[in-house]
Amino acid sequence: MTITSLPSDSAAPPRLPRTLLERDTAARVIVVLADAPLEIARVGRQADAKYVLLSGDDHQSLLKKHGKDPADYRPDITHQCLLTLLDSPLNKAGRLQVYIHTRKNVLIQVNPKTRLPRTYVRFAGLMVQVLHKLSVRSQGTGGEVLLNVIKNPVTDHLPTRCVRVGCSGDAGKAVRLREWARERVLPTGLPVVFWVGAVAHGKDVFPEAEMAVSVSDYALSASVVCGKICEAFEELWDIL
């Protein structure tokens, strides 16, 4: 499975911070997709067994056989979130960084240049490669690392000083994220980190976050929450 990076002729190709100073001072948004149910297993007879990304839709019998609830295995949610984030103007402007923290405590760094497969089937194959081989490079000799398993905890890779926010529907009165960020984040001049649960259901528990916010009066999918984060900061930073 191979993936490509964004075209090199982009006006300002997004990239990872190159220095510690840039990491700690650049005005940007970091999103951590938390508790992502990305888990691989060998399926099939021994001679023909291959690694697959476990899904409640595709492997219901296998999951039930091992006492697991198929409803907990929704890797498509992570796919939806990544498409929303990586396709956003915020990312293309070089103002977004994404990490995936899986339920199995695997931490994946996502290069902002990554152009993710549009279909879930190809995405599943990509995740198998990442979790089995620990990295994925772009096509061609000496390709750039686009997805990479890195050492926990995620806080070791965050700016030394940043605003840490957990997105939760249980956080009380909902806020208009743009106005909240204008009042609580922009005056600090610090990067902001949002934890978003990449799950279908369950309580949002983000021990690394310093505060929690609700971004709507309604229950939202993780992908929509990611979209609201991107849109809020695109408006604040005048990114079209």
Checklist line | Any V149 side-chain heavy atom under 4.5 Å of V106 side chain | finding: yes
Note to self: In the structure I gave you, are the side-chain heavy atoms of H101 and V154 within less than 4.5 Å of one another anywhere?
What the structure shows: no
Checklist line | Transitive ILVMFWY side-chain link M127 to L54, under 4.5 Å | finding: no
Notebook entry, point to check: How long is the span from the CD atom in E234 to the CG atom in L96, to the nearest 0.5 Å?
Noted result: 9.0 Å
Next item on the list: May I have the step-by-step check of salt bridge (charged side-chain N to carboxylate O under 4.0 Å, His left out) for D35 and K104, ending in yes or no?
Entry: CA-CA 8 Å; D35 297 321; K104 288 289 187 178; over 6 Å; no
Next item on the list: State whether the number of non-hydrogen atoms from other residues, nucleotides or ligands found under 6.0 Å of R103 atom CZ is greater than 12.
Entry: yes
Margin query: Tell me the closest heavy-atom pair linking D204 and G169, and the distance in Å.
Written below: OD2-N, 3.7 Å
Check: Which atom names give the shortest non-hydrogen contact between R137 and G143, and what distance separates them?
Finding: NH1-O, 2.7 Å
Item checked: Single-linkage hydrophobic cluster V192~V98, side-chain heavy atoms < 4.5 angstrom -> yes
Checklist line | E39 side chain near L131 side chain, heavy-atom distance below 4.5 Å | finding: no
Check: So, K203 and D170, do they make that salt bridge, N to O below 4.0 Å?
Finding: yes
Margin query: Does the structure place the NZ or CZ of R95 under 6.0 Å from the centre of the six-membered ring of W237, at an angle of no more than 45° from the ring's axis?
Written below: yes
Notebook entry, point to check: Given side chains that start at C-beta, do those of V31 and V29 come closer than 4.5 Å, heavy atoms only?
Noted result: yes
Item checked: Hphob cluster co-occupancy, I77 + V215, side-chain heavy atoms under 4.5 angstrom -> no
Margin query: Enumerate the ring-ring contact (aromatic ring centres under 6.0 Å, His included) contacts for residues 26-82, please, sequence neighbours excluded, ordered by first and then second residue.
Written below: Y51-H132, H79-F123
Note to self: Set out, in order, the CA-CA distance, both residues' side-chain angles and the distance that settles side chain to side chain contact (heavy atoms under 4.5 Å, CB included) for R118 and L83, then state yes or no.
What the structure shows: CA-CA 8 Å; R118 306 289 103 176; L83 287 174; 3.6 Å; yes
Note to self: Any non-hydrogen side-chain atom of R178 less than 4.5 Å from a side-chain atom of F233?
What the structure shows: no
Notebook entry, point to check: Honestly curious: do L147 and V52 fall in one hydrophobic cluster under the side-chain, below-4.5 Å linking rule?
Noted result: no
Note to self: Could you measure the distance from the CG atom of L177 to the SG atom of C167? Nearest 0.5 Å is fine.
What the structure shows: 7.0 Å
Checklist line | T102 side chain vs P37 backbone, donor-acceptor pair below 3.5 Å | finding: no
Check: What's the spacing between L33 CG and I108 CD1 if we round to 0.5 Å?
Finding: 10.0 Å
Check: Which value, rounded to the nearest 0.5 Å, describes the distance between E210 atom CD and C162 atom SG?
Finding: 6.5 Å
Notebook entry, point to check: Are E231 and K228 close enough for a salt bridge, meaning some N to O gap below 4.0 Å?
Noted result: no
Notebook entry, point to check: From Q109 CD over to I150 CD1, what is the distance, rounded to the nearest 0.5 angstrom?
Noted result: 4.5 Å
Check: Any idea which heavy atoms bring L85 and C226 closest together, and the distance?
Finding: CD2-CB, 3.7 Å
Note to self: If I compare all heavy atoms of T114 with all of L86, which pair ends up nearest, and what's the gap?
What the structure shows: O-CD1, 3.8 Å
Item checked: Contact check, side chains of L126 and L53, non-hydrogen atoms, under 4.5 Å -> no
Next item on the list: Might you work through the side chain to side chain contact (heavy atoms under 4.5 Å, CB included) test for R182 and L236, ending with a clear yes or no?
Entry: CA-CA 7 Å; R182 191 192 304 277; L236 286 172; 3.7 Å; yes
Note to self: Which heavy atom of P75 sits nearest to which heavy atom of Y120, and what is that distance?
What the structure shows: CG-OH, 3.1 Å
Margin query: To the closest 0.5 Å, what do you measure between CG (L107) and OH (Y99)?
Written below: 7.5 Å
Checklist line | Taking every non-hydrogen atom, the tightest pair across L134 and N148 | finding: O-OD1, 3.4 Å
Notebook entry, point to check: Do any N or O atoms from the side chain of R115 and from the backbone of K113 form a donor-acceptor pair under 3.5 angstrom?
Noted result: no
Next item on the list: Applying ring pair (Phe, Tyr, Trp, His ring centres under 6.0 Å), name anything that partners W180, two or more places apart in sequence or on another chain.
Entry: none
Margin query: Please evaluate residues R28 and I30 with respect to the criterion side chain to side chain contact (heavy atoms under 4.5 Å, CB included), reporting the C-alpha separation (whole Å), side-chain torsions for both, the decisive distance (0.1 Å), and the verdict.
Written below: CA-CA 7 Å; R28 60 195 177 107; I30 301 167; 3.8 Å; yes
Margin query: Any non-hydrogen side-chain atom of L62 less than 4.5 Å from a side-chain atom of K64?
Written below: no
Item checked: Student check: side-chain heavy atoms of V193 and V165 closer than 4.5 Å -> no
Note to self: Would L38 and T78 count as a side chain to side chain contact (heavy atoms under 4.5 Å, CB included) here? Give the steps.
What the structure shows: CA-CA 8 Å; L38 303 179; T78 302; 4.1 Å; yes
Checklist line | Within one Ile-Leu-Val-Met-Phe-Trp-Tyr cluster: F194 and M211, side-chain cutoff 4.5 Å | finding: yes
